[in-house]
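Structure, as C-alpha cells:
Computed from a predicted structure; not experimentally measured.
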Amino acid sequence: MNDIAHADVVKSMEAIAPDTLILIISPVHGFNYPKITLDFIRSFPKGKNQVVLMNTRAGMCIDRWVTPGLTGIAFLLSSLLLIRKGYRIVGQIPFDMPSNWISIHPALREKSVKRICETIHKRVEKHAAILFEGRKDFHACRDLLQDILISPVALAYYLAGRFVLAKSFYATSACNQCGLCEKQCPVHAIKHSDDHPFWTFRCESCMKCMNNCPQRAIETTHGLWVTLGICSSMLSGFLCALLAPFIQSAFIKFIVFNIVLLLLLWVCYRIQHLLLKNRLIGKCIAFTSLTYYKFWGRYRLKN
C-alpha cells in the first residue's frame with residue numbers, strides 16, 4: 001500500500017467514532033488474507049473500536065452439501081495486528097462462497113454456485129442477527145484446530161507460494177491488446193511488455209483477469225509448473241548433496257528448493273513471455289494449459 005493510500009485509510013479511520021462497530025470482510029487466498037488486505041489492516045491507526053472479522057473461503061458443493069473451506073491464519077494474524085493497535089475483536093465469522101481458484105480446478109457449475117449462495121445467504125442472516133443484538137460471534141473457533149494445523153502451509157504460501165502462482169498467468173495469441181486486464185487489476189500487477197500483458201510478482205491470483213477477459217485469452221501455464229517443479233527438485237537436490245556438510249535440516253533444504261524455484265521461475269517466465277510472440281510456439285504452450293480447454297470453464301466471459 002503506497003503512502004497516499006495509507007494516509008487515506010488513517011484519515012478515514014480517524015473520522016470513525018470510537019463506539020462504532022467495524023466489520024472487515026475479505027476473501028481468503030492461500031489460507032490467509034491476501035497481502036492487499038493485510039496491508040490495509042496494517043495501515044490502521046491506533047483505536048479502541050470493536051471489530052468483527054469475516055472472510056469468504058473456497059466452498060465446494062457435493063450434491064446438496066456445501067463443503068467448508070479453510071480459514072488458516074487469516075483471523076489469527078489479522079486479530080494480532082488489530083489487538084496490538086488497541087482494537088477489540090468481537091467476532092470471527094467465515095463464509096463458504098464458491099471457490100474461484102480456476103487455476104487449480106474447473107469453474108463450478110451454475111447449479112452448484114446457486115446452491116452455495118442460497119445456503120450461505122441463510123447463514124449471513126443468522127450471524128447478522130447475532131451482531132445486531134450486540135452479542136459476540138466467534139463461529140470460526142469451531143475450525144481452530146484445522147486452521148492451526150494448516151498454518152505452516154499458509155505461512156509457506158505467503159513467503160514463497162504466492163510468488164510462484166503470480167507467474168502462472170499468460171495471454172495467448174487470442175489477446176487483442178484491449179488492456180482490460182491491466183486496467184482492472186486490483187493490485188496493478190499486470191504491465192504491458194513486448195506488446196503483450198506481463199504478470200509481475202505483485203499478482204495475488206485473484207482470477208479477475210481470467211474471468212473478465214472478453215477474448216478468453218488468459219490462461220494458466222500448467223506445463224511450466226510441472227517443468228519447473230521437476231527441474232527445481234533436481235537442481236536443489238544436487239546443491240544440497242554438494243553442500244551436504246552445511247545443509248542438514250529439512251527446513252534448510254526447503255529454503256534452498258524455494259530459492260531455486262523462484263530463480264528458475266523468474267528466468268523461464270521471461271523466456272516464455274518472449275516465445276509467446278511466435279504464434280506456433282504460443283499455440284503449443286497453450287495446449288499444456290488445462291484452462292485452455294472449454295471443459296475447464298470460466299465464471300464470466302463478458303463484461
Side-chain angles (χ1 to χ4, degrees), residues 1 24-44 51 53-60 67-85 87 89 92-97 99-101 103-105 138-169 186-187 189 199-207 220 225 228-229 232-233 235-237 239-240 247-266 269:
M1 183 173 290
I24 300 175
I25 185 166
S26 168
V28 164
H29 187 61
F31 313 117
N32 192 8
Y33 277 149
K35 184 178 181 297
I36 188 174
T37 303
L38 292 174
D39 286 346
F40 172 71
I41 292 174
R42 288 191 191 99
S43 69
F44 277 28
V51 177
L53 294 168
M54 300 179 178
N55 69 51
T56 57
R57 57 191 189 180
M60 305 292 282
T67 61
L70 291 169
T71 296
I73 62 175
F75 287 152
L76 299 174
L77 182 56
S78 54
S79 293
L80 179 61
L81 293 172
L82 289 166
I83 290 172
R84 290 186 62 186
K85 292 176 179 288
Y87 296 93
I89 310 301
Q92 295 175 338
I93 312 168
F95 295 105
D96 302 301
M97 294 298 289
S99 173
N100 77 326
W101 205 353
S103 282
I104 305 297
H105 61 76
F138 286 91
H139 186 81
C141 289
R142 302 180 183 183
D143 304 325
L144 185 59
L145 178 59
Q146 64 189 37
D147 288 337
I148 292 176
L149 291 175
I150 203 69
S151 60
V153 178
L155 184 60
Y157 179 84
Y158 188 78
L159 295 177
R162 63 191 177 96
F163 297 112
V164 175
L165 290 180
K167 291 296 188 180
S168 63
F169 304 100
V187 292
W199 278 256
T200 68
F201 280 118
R202 295 182 62 182
C203 172
E204 296 193 17
S205 303
C206 70
M207 305 297 157
T220 298
W225 280 5
L228 286 176
S232 299
S233 181
L235 183 56
S236 61
L239 290 174
C240 289
I247 302 176
Q248 297 291 335
S249 71
F251 179 73
I252 297 299
K253 293 179 180 179
F254 174 77
I255 296 297
V256 171
F257 172 80
N258 279 280
I259 291 175
V260 170
L261 177 61
L262 289 174
L263 287 174
L264 285 177
L265 178 63
W266 182 75
Y269 185 80

Next item on the list: Check whether any side-chain heavy atom of Tyr269 lies under 4.5 Å from a side-chain heavy atom of Thr200, and answer yes or no.
Entry: no
Note to self: Run the salt bridge (Lys or Arg N to Asp or Glu O under 4.0 Å) test against Arg162 and tell me which residues pass, sequence neighbours left out.
What the structure shows: none
Item checked: Heavy-atom side-chain contact between Leu77 and Tyr33 under 4.5 Å -> no
Next item on the list: Rounded to the nearest 0.5 Å, what's the gap from OG1 on Thr56 to CG on Asn100? Could you check?
Entry: 8.5 Å
Note to self: Does Tyr87 form a side chain to side chain contact (heavy atoms under 4.5 Å, CB included) with Ile41? I'd like the steps, not just the answer.
What the structure shows: CA-CA 11 Å; Tyr87 296 93; Ile41 292 174; over 6 Å; no
Notebook entry, point to check: Is there side-chain contact between Ile89 and Phe138, with at least one heavy-atom pair below 4.5 Å?
Noted result: yes
Next item on the list: Please report the shortest heavy-atom distance between Arg202 and Val187, naming the atom on each side.
Entry: NH2-O, 3.2 Å
Item checked: Any donor-acceptor pair under 3.5 Å from Glu204 side chain to Ile36 backbone -> yes
Next item on the list: Go through the steps to decide whether Tyr157 and Asn32 satisfy the test side chain to side chain contact (heavy atoms under 4.5 Å, CB included), and finish with yes or no.
Entry: CA-CA 9 Å; Tyr157 179 84; Asn32 192 8; over 6 Å; no
Note to self: To the closest 0.5 Å, what do you measure between NZ (Lys35) and CZ (Arg42)?
What the structure shows: 6.5 Å
Check: Is there a donor-acceptor pair closer than 3.5 Å between any side-chain N or O of Lys253 and the backbone N or O of Cys240?
Finding: no
With a cut-off of 3.5 Å and sequence neighbours excluded, list every side-chain donor-acceptor pair involving residues 143-150.
from, atom 1, to, atom 2, distance (Å)
Asp143, OD2, Arg57, NH1, 3.2
Asp143, OD2, Arg57, NH2, 3.2
Asp147, OD1, Thr71, N, 3.3
Asp147, OD1, Gly72, N, 3.0

Notebook entry, point to check: Between Val260 and Leu239, which heavy-atom pair has the shortest distance, and what is it?
Noted result: CG2-CD1, 3.9 Å
Next item on the list: To the nearest 0.5 Å, tell me how far Gln92 CD sits from Arg142 CZ.
Entry: 13.5 Å
Notebook entry, point to check: Roughly how far, to the nearest 0.5 Å, is CG of Leu81 from OG of Ser43?
Noted result: 10.5 Å
Next item on the list: Go through the steps to decide whether Thr220 and Trp225 satisfy the test side chain to side chain contact (heavy atoms under 4.5 Å, CB included), and finish with yes or no.
Entry: CA-CA 9 Å; Thr220 298; Trp225 280 5; 4.0 Å; yes
Check: When you measure from the side chain of Ser236 to the backbone N and O of Ser233, does any donor-acceptor pair fall under 3.5 Å?
Finding: yes
Next item on the list: Over all heavy atoms of both residues, which pair between Asn258 and Phe254 is shortest? Give the atoms and the distance, please.
Entry: ND2-O, 2.8 Å
Checklist line | Sidechain-backbone polar pair: Thr67 side chain, Met60 backbone, donor-acceptor under 3.5 Å | finding: yes
Notebook entry, point to check: Around Trp101, counting heavy atoms of other residues, nucleotides and ligands shown, do more than 12 lie under 6.0 Å from its CH2?
Noted result: yes
Item checked: Contacts of Cys203 that satisfy side-chain contact (heavy atoms from CB on, under 4.5 Å) - sequence neighbours left out -> Ala166, Phe169, Ala189, Trp199, Ser205
Item checked: side-chain contact (heavy atoms from CB on, under 4.5 Å) involving Pro186 - partner list, sequence neighbours excluded -> Cys206, Lys208
Notebook entry, point to check: Taking it one step at a time, do Leu53 and Leu82 satisfy side chain to side chain contact (heavy atoms under 4.5 Å, CB included)?
Noted result: CA-CA 10 Å; Leu53 294 168; Leu82 289 166; 3.9 Å; yes
Notebook entry, point to check: Is the backbone of Leu76 close enough, under 3.5 Å, to the side chain of Ser79 for a donor and an acceptor to pair up by distance?
Noted result: no
Checklist line | Those residues that, when tested against Tyr158, pass ring pair (Phe, Tyr, Trp, His ring centres under 6.0 Å) (two or more places apart) | finding: none
Item checked: Closest non-hydrogen atom pair, Ile73 against Ser151 -> CG2-CB, 3.4 Å
Notebook entry, point to check: Looking at Asp96 and Gly59, what are the two nearest heavy atoms and their distance?
Noted result: CB-CA, 4.2 Å
Note to self: Holding to ring pair (Phe, Tyr, Trp, His ring centres under 6.0 Å), I want the full list of residues that pass it with His105, two or more places apart in sequence or in another chain.
What the structure shows: none
Margin query: Rounded at 0.5 Å granularity, tell me how far OG in Ser78 sits from CZ in Phe40.
Written below: 12.0 Å
